[in-house]
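Just so you know, these numbers come straight off a predicted model, no measurement behind them.
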Amino acid sequence: MKKETSISAIPVEELYKKKKSLQGALLGLGLVLLVATAVIIYLAFSSNMPKVLMIVPFCSSLTLFPAFISLSQINTELKNRNAKS
């Protein structure tokens, strides 16, 4: 099992790579989730689909919160390192 390293121990170049890949993943997953939400809302109001199922895409957006937290930690660490230099 891979040992977790703290963000402060990661080099700046690797932090920028992680930030870029995390932003891309968040953007892609966010767009897919947005489209899925729109489709489910449309289907809920245009067919006999139960309206309660509209909760699913909104609750599934909670899965993105850990990625947003990680991104904010990376941004904070990069700001701290830029302030030091």
Which residue pairs pass the side-chain hydrogen bond (donor to acceptor under 3.5 Å, both in side chains) test with at least one member in residues 67-78, sequence neighbours excluded?
Lys19-Asn75, Glu77-Arg81
Kindly give the cluster partners of Leu62, where membership spreads through any ILVMFWY side chain lying under 4.5 Å from a current member.
Phe65
For Val12, the hydrophobic cluster (side chain heavy atoms closer than 4.5 Å, chained through members) also holds Ile7, Ile10, Leu15, Tyr16, Leu22, Leu26, Leu29, Leu33, Leu64, Phe68, Leu71, Ile74, Leu78
Tell me which one of Leu34, Ile40, Val35 satisfies side-chain contact (heavy atoms from CB on, under 4.5 Å) with Pro57.
Ile40
Quick check against the 3.5 Å criterion: does Ser47 have a side-chain atom that pairs as donor or acceptor with the backbone of Ala44?
no
